[in-house]
There are 2 protein chains.
Amino acid sequence: MKRLPISASRIQETIRRLAYFQAWPDDVLDSLAGGAKLLTLSKNSWLAHKGETLDRLYVVISGQLRIYLPLPNDMERVVTLVGPGDSLGEACLVLNEACPYHVVASKDSHLLAIDGMVYRQELSRHPTLTSQTLELVSRRLIGALRDVEICAQPSSVQRVAGFLMLHQPTTDTPTFKFLLPARKQDIAAKLGLTQETFSRVLGFLVKQGLIQMQGGKISVEDGQKLSQITSMRETQEPCR
Amino acid sequence: MKRLPISASRIQETIRRLAYFQAWPDDVLDSLAGGAKLLTLSKNSWLAHKGETLDRLYVVISGQLRIYLPLPNDMERVVTLVGPGDSLGEACLVLNEACPYHVVASKDSHLLAIDGMVYRQELSRHPTLTSQTLELVSRRLIGALRDVEICAQPSSVQRVAGFLMLHQPTTDTPTFKFLLPARKQDIAAKLGLTQETFSRVLGFLVKQGLIQMQGGKISVEDGQKLSQITSMRETQEPCR
DNA sequence: CGCGACTTTGAAGTAAATCAATGGGCGTGG
DNA sequence: CCACGCCCATTGATTTACTTCAAAGTCGCG
């Protein structure tokens with residue numbers, strides 16, 4: 001992880017380009033730019049460890065971060081995959097609490113790091129920002145709940161089906177394509193499965209004709225049936 | 001569920017007594033009392049269904065609510081148990097989104113129901129409330145993460161140990177007692193276990209001398225060892 | 001073309017779910 | 001005050017879906 005020696009104007013420019021800051025007033029952006037840094041993280045390098053105090057708000061410009069919880073058996077439970085335009089750390093900064101998860105770059109990444117003190121100060125100064133942040137955190141809370149719901153599915157097929165259906169653009173679109181947002185390994189870890197099980201389930205769904213797959217490209221052929229799986233009592237066909 | 005025919009003054013009085021509203025200005029409380037109702041829910045009656053729009057903020061006065069996600073196999077994944085002084089619905093109201101979970105009374109309960117419109121209006125009028133709510137939702141988000149962490153533990157013994165250790169009053173208190181906050185059934189569902197497994201694991205821990213148990217009263221005898229279990233690779237003793 | 005990272009496939013073991021039945025508390029009513 | 005009935009917890013026996021361990025296969029990239 002190294003700090004890019006970039007001019008302040010470059011930072012301001014970057015900030016203004018990010019959707020995250022779209023609705024924020026100019027003077028706030030100027031303040032934020034003051035304590036901001038541009039970071040470059042190479043794949044697999046750490047951004048934060050669980051238990052550390054987080055003193056920055058991070059916004060991903062390019063690349064991808066993996067937020068996860070470490071498990072006893074050398075496994076990980078992926079909480080979120082943070083992509084371009086996404087941010088991380090609001091809740092911790094607001095509460096001034098220790099970081100509850102690990103964060104590492106899952107790809108070479110560029111990010112904006114905004115000083116926590118400045119961030120909190122601006123937050124307290126501008127009610128609009130506070131309510132926007134409230135909305136953001138609320139969205140994240142509800143999102144977390146959706147993830148819990150998927151991971152709580154009793155069978156692996158149901159979890160994967162639930163995951164796939166998250167990507168349908170509009171409800172009642174029976175067929176659609178998308179690219180897996182990360183390595184299958186990481187997605188499996190987000191679903192609470194091993195990569196092996198995830199692979200097998202995808203293979204099973206292909207065999208059933210419910211999806212097609214080539215590399216990371218998924219084509220859902222029958223979203224209808226896939227949704228039903230989620231609420232079915234028996235999922236695993238006799239396997240032959 | 002029936003509406004108590006209670007005077008407005010009684011409602012204001014109740015509101016003022018709740019810790020939830022401690023720091024809120026008087027005029028806000030008056031407004032909130034305007035659209036508020038006192039509800040009585042008898043055990044097992046519904047407060048909200050998943051998918052419905054939630055148009056009230058609820059604060060529990062007495063009793064207990066169970067927030068949960070329905071699972072295909074007629075099981076539930078308990079998200080939270082909401083007790084006296086706790087509230088529910090902030091995130092939904094802020095985003096004006098459908099309720100993502102079911103809510104039922106797990107005991108006979110009394111609650112305060114505050115009109116959503118009024119709540120949002122007051123929120124937008126008073127930046128202080130907004131930041132307090134931001135803190136509340138942030139806390140809830142981080143709490144949700146802790147729950148995910150426990151449920152992600154690979155073995156049942158580790159999940160239960162993690163749950164038990166949540167109740168230690170201060171870190172480095174090796175021994176402590178507490179009362180289970182709900183039926184074992186519901187706690188099991190919160191840990192992603194069946195009641196049978198939960199029962200067996202508790203029995204196992206008793207046999208190991210790590211805890212004592214009589215009914216809902218738990219006495220943790222060796223928090224040290226219990227914490228270690230959480231990060232151990234092998235958990236289940238050979239059983240004989 | 002060959003190497004490393006990631007994924008897929010196979011075979012075996014195991015922990016937890018499931019099914020089924022018993023046991024204990026507690027409130028209600030006789 | 002005891003007896004019944006209900007709800008919840010416990011215990012046992014069985015099944016199986018997932019993990020685990022191991023190895024081969026694929027892909028992209030220098």
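What you see below is based on every heavy atom in this structure, not just the backbone, and it leaves out hydrogens, waters and symmetry mates. Quantities reported herein were computed from a predicted structural model and do not represent experimental measurements. Chain identifiers are assigned alphabetically (A, B, ...) following the order of the sequence lines, protein sequences preceding nucleic acid strands; residue numbering begins at 1 within each chain.
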Check this for me, if you would: do [X] and [Y] make a salt bridge, where the nitrogen-to-carboxylate-oxygen distance has to be below 4.0 angstrom?
X: A:Arg66; Y: A:Glu76; answer: yes
X: B:Glu90; Y: B:Arg140; answer: yes
X: A:Arg200; Y: A:Glu196; answer: no

Take the protein atom [atom1] of [X] and the nucleotide atom [atom2] of [N], then report the distance between them rounded to whole Å.
X: A:Lys184; N: C:dA5; atom1: NZ; atom2: C1'; value: 14 Å
X: A:Gln153; N: D:dA17; atom1: CD; atom2: P; value: 16 Å
X: A:Gln195; N: D:dT26; atom1: CD; atom2: C1'; value: 14 Å
X: B:Glu196; N: D:dA13; atom1: CD; atom2: C1'; value: 13 Å
X: B:Asp186; N: D:dC7; atom1: CG; atom2: P; value: 15 Å
X: B:Asn73; N: C:dA17; atom1: CG; atom2: C1'; value: 9 Å
X: A:Leu180; N: D:dC27; atom1: CG; atom2: P; value: 15 Å
X: B:Ile229; N: C:dA15; atom1: CD1; atom2: C1'; value: 16 Å

Q: May I ask you to evaluate whether B:Thr194 reaches the phosphate of C:dA17, defined as a side-chain N or O under 4.0 Å from OP1 or OP2?
A: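 It does, given that an N or O in the side chain of B:Thr194 lies less than 4.0 Å from OP1 or OP2 of C:dA17.
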Q | Any donor-acceptor N or O pair under 3.5 Å, side chains B:Ser106, B:Gln64 | A |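 Yes, side-chain donor-acceptor contact under 3.5 Å.
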Q: May I ask you to decide if the ring planes of A:Phe163 and A:His167 are parallel, tilted or perpendicular, using 30° and 60° as cut-offs?
A: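 The arrangement is perpendicular - the two ring planes meet at more than 60°.
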Side chain of [X] - closest among [options]:
X: B:Thr197; options: C:dA16, D:dA9, C:dC6; answer: C:dA16
X: B:Met213; options: D:dT10, C:dA16, D:dC18; answer: D:dT10
X: A:Leu193; options: C:dA16, C:dC19, D:dT19; answer: D:dT19
X: A:Ser156; options: D:dC8, C:dT7, D:dC18; answer: D:dC18

Q. Side-chain donor or acceptor of B:Arg200 under 3.5 Å from a matching atom on the base of C:dT18?
A.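 Answer yes: a donor N or O sits under 3.5 Å from an acceptor.
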Q | Distance-only donor-acceptor test, A:Gln214 side-chain atoms vs D:dC27 base atoms, 3.5 Å | A |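 No.
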(Q) Nearest heavy atom decides the nucleotide; on that basis, is A:Pro154 or A:Gln185 closer to the 5' end of DNA chain C? (A)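 Going by which nucleotide is closer to the 5' end, it is A:Gln185.
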Q: Just call it for B:Gly216: base, sugar-phosphate, or nothing, with non-hydrogen atoms closer than 4.0 Å on any strand.
A: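 The answer is nothing, as B:Gly216 stays clear of every strand by at least 4.0 Å.
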